[in-house]
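Hydrogens, waters and symmetry mates play no part in the numbers below; they use all other heavy atoms, side chains included.
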Amino acid sequence: MLETLLATFITFLVVLDPLGNAPIFAGLTPTATGSERRRMAIKGVAIGTGILLAFAVGGETLLSALGIGLPAFRIAGGILLLLLAIDMVMARQSGLRSTTPGEIEESGHRQDVSVFPLAIPLIAGPGALTSVVLLVGGASGDLQMQALIVLVMLCVLTLVLICLLVAGEVMRLLGLTGVNVISRVAGIILAALAVQFMADGVLAFLAT
């Protein structure tokens, strides 16, 4: 159980990327006051948390309604997370883990970035949504383990909120180079987890 929870923590830590989202949030709110930043950070994390909780509770049901088996979603999700990991290792930005240039331009015309692009796609993005469905679905039938997985996710979301609240200090402490170095290391770990998801999906297919 401890190993599973540790892997869950690392997965959410990588896909939610608290340190990586801090400089993005700071860049999206250059003219906001401290109180406005705090309000947007809290609101954005709250909305993102709600979306992720909804997928944790109803994700497997949604897949069943669409006729998609968990093994197929594991393989597809593993491919998606592998692409995300490649972006992280190469320190490049894409719509999988951050905002695209078009989204940045659109958000520049908004006074409140808490819903878009903070909650979606920075927090509740494709990688996070895929991970929560895979991890909770993988513990199907074990309500205690599912509850612990959700609790771990909430802990990482708390770290995201803390990093957003101190985004300026994070950037001064680590700098862009430091953030990219951490992101590269995390990307390597995520790549290994993504391959494991795909392998588990293939084995589940062969067992049926």
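Proximity of a side-chain donor or acceptor of R74 to a complementary backbone N or O of G201 within less than 3.5 Å is not detected. When atom types are taken as modelled, the side chain of R37 and the backbone of T29 share a donor-acceptor pair closer than 3.5 angstrom. Side chain of N21 to backbone of L16: a donor-acceptor contact under 3.5 angstrom is found.
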Full working for side-chain contact (heavy atoms from CB on, under 4.5 Å) between L165 and R38: CA-CA 6 Å; L165 292 175; R38 283 192 294 274; 3.7 Å; yes
Stepwise side-chain contact (heavy atoms from CB on, under 4.5 Å) check, I75 with F197: CA-CA 6 Å; I75 296 172; F197 277 137; over 6 Å; no
Intermediate values then yes/no, side-chain contact (heavy atoms from CB on, under 4.5 Å), L13 and L159: CA-CA 9 Å; L13 188 66; L159 291 177; 4.1 Å; yes
Stepwise side-chain contact (heavy atoms from CB on, under 4.5 Å) test for L2 and L6: CA-CA 6 Å; L2 185 60; L6 180 59; 5.6 Å; no
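Residues A119 and G44 come closest through the heavy atom pair CB-O, 3.4 Å. Here the closest non-hydrogen pair linking S114 and K43 is OG-CD, 3.1 Å. The shortest heavy-atom contact between S131 and G127 is OG-O, 2.8 Å. Taking each heavy atom of P117 and L28 in turn, the nearest pair found is CG-CD1, 3.5 Å. When all heavy atoms of A26 and A167 are compared, the pair lying nearest together is CB-CB, 4.1 Å. Closest heavy-atom contact between C163 and L19: SG-CD2, 4.0 Å.
Side-chain atoms of L193 and L81, non-hydrogen and from C-beta on, never get closer than 4.5 Å to each other. At a threshold of 4.5 Å between non-hydrogen side-chain atoms, the residues M1 and M145 count as touching. S140 is not listed as a side-chain neighbour of L70, based on a closest heavy-atom distance of 4.5 Å or more.
In this structure, OG1 on T11 lies 9.5 Å from CG on L134, to the nearest 0.5 angstrom. The distance from atom CG of L135 to atom OG1 of T4, rounded to the nearest 0.5 Å, is 9.5 Å. With rounding to the nearest 0.5 angstrom, the CD1 atom of I123 is 7.0 Å from the OG1 atom of T49. Rounding to the nearest 0.5 angstrom, the gap separating the CD atom in E60 from the CG atom in L62 is 11.0 Å. Put simply, CD1 on I188 and CD1 on I86 are 12.0 Å apart, with the number rounded to the nearest 0.5 Å. Interatomic distance, L157 CG to L161 CG, rounded to the nearest 0.5 Å: 9.0 Å.
Cluster membership check: F25 shares its hydrophobic cluster with V115, using side-chain heavy-atom separations under 4.5 Å among Ile, Leu, Val, Met, Phe, Trp and Tyr. L154 and I149 fall within a single hydrophobic cluster, where Ile, Leu, Val, Met, Phe, Trp and Tyr are joined by side-chain heavy atoms under 4.5 Å apart, directly or via other members. Under a hydrophobic-cluster definition in which Ile, Leu, Val, Met, Phe, Trp and Tyr are linked whenever side-chain heavy atoms come within less than 4.5 Å, directly or via other members, L143 and V133 are assigned to different clusters. If you chain together hydrophobic residues whose side chains sit under 4.5 Å apart, V156 and L5 fall into the same group. Linking ILVMFWY side-chain heavy atoms closer than 4.5 Å, directly or via other members, places V181 and V14 in two distinct hydrophobic clusters.
A donor atom on one side chain and an acceptor atom on the other are found under 3.5 Å apart for D200 and Q196.
Of the candidates V45, L164, I24, L118 forms a side-chain contact (heavy atoms from CB on, under 4.5 Å) with just one, namely L164.
Ion pair R39/E36 not flagged as a salt bridge, since none of the NZ, NE, NH1 or NH2 atoms sits closer than 4.0 Å to an Asp/Glu carboxylate oxygen.
Annotation for F73: atom CZ counts as buried by contact number, over 12 foreign heavy atoms lying within 6.0 Å.
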